[in-house]
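This report refers to the structure that appears directly beneath it.
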Amino acid sequence: MDSIRSGSSAGAAATDSSSTQERKNHVASEDHRPRPLFAPSESGPLPERLISGNPAFKTWAQDVACGETIKTGIWEATPGETRSIKGDTFEFCHILSGIVELTPEGGEPVVYRAGDSFVMKPGYVGVWKTIETVRKIYVTVS
């Protein structure tokens, strides 16, 4: 089926150009998971937040806006358990792969798998347990 286009060929060229730029930032594999084409920043949990294991984190920061109050990207963590404290930050997460269990302080654990989305609201405090290496898309607003 043909796609519908409107506007001049200059408009189409601009769209093609922006699509090319997007492909430079990431590409989708056959399983449709974003694959950033640039090296991630690598880190680990703060010592005071580590509960168990030896998790390693990778972050592919994609974009920032509004004076860096909005941030987007892809984040990955290997198995381990950490204390999660959101402070004033609102975070939307969409799990691309892996399994995590979040247990809010005083609450019941909830398991999230590939395809699941959730929000961690400002003031959230709990335990983030990566059961199987997880990769997620995130959007934070602080």
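Here the structure is a predicted model, which is why all the values come from computation and not from measurement.
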Answer whether the closest heavy-atom distance between the side chains of [X] and [Y] falls below 4.5 Å.
X: Val119; Y: Phe90; value: yes
X: Pro55; Y: Thr82; value: yes
X: Lys86; Y: Ser84; value: yes
X: Leu50; Y: Glu81; value: no
X: Ile70; Y: Thr140; value: no
X: Leu102; Y: Pro109; value: no
X: Glu91; Y: Val139; value: no

Is a donor on one side and an acceptor on the other found under 3.5 Å between the side chain of Thr89 and the backbone of Val141? no
Please answer: with hydrophobic residues joined when any side-chain heavy atoms are less than 4.5 Å apart, are [X] and [Y] in the same cluster?
X: Trp128; Y: Tyr138; result: yes
X: Ile137; Y: Val134; result: no
X: Val110; Y: Val127; result: no
X: Phe57; Y: Met120; result: yes

For Glu42, I'd like to know if atom CD has over 12 heavy atoms of other residues, nucleotides or ligands within 6.0 Å. yes
Straight-line distance of [X] [atom1] to [Y] [atom2], nearest 0.5 Å:
X: Lys136; Y: Thr130; atom1: NZ; atom2: OG1; result: 9.0 Å
X: Lys58; Y: Arg135; atom1: NZ; atom2: CZ; result: 7.5 Å
X: Arg83; Y: Leu46; atom1: CZ; atom2: CG; result: 12.5 Å
X: Glu68; Y: Ser142; atom1: CD; atom2: OG; result: 9.5 Å
X: Ser97; Y: Arg113; atom1: OG; atom2: CZ; result: 13.0 Å
X: Ile99; Y: Asp116; atom1: CD1; atom2: CG; result: 10.0 Å

Minimum heavy-atom distance Gly126-Tyr124, with the two atoms named: N-CE2, 3.7 Å
Pairs in or reaching into residues 91-115: which pass ring pair (Phe, Tyr, Trp, His ring centres under 6.0 Å), with residues at least two apart or in two chains? Tyr112-Phe118
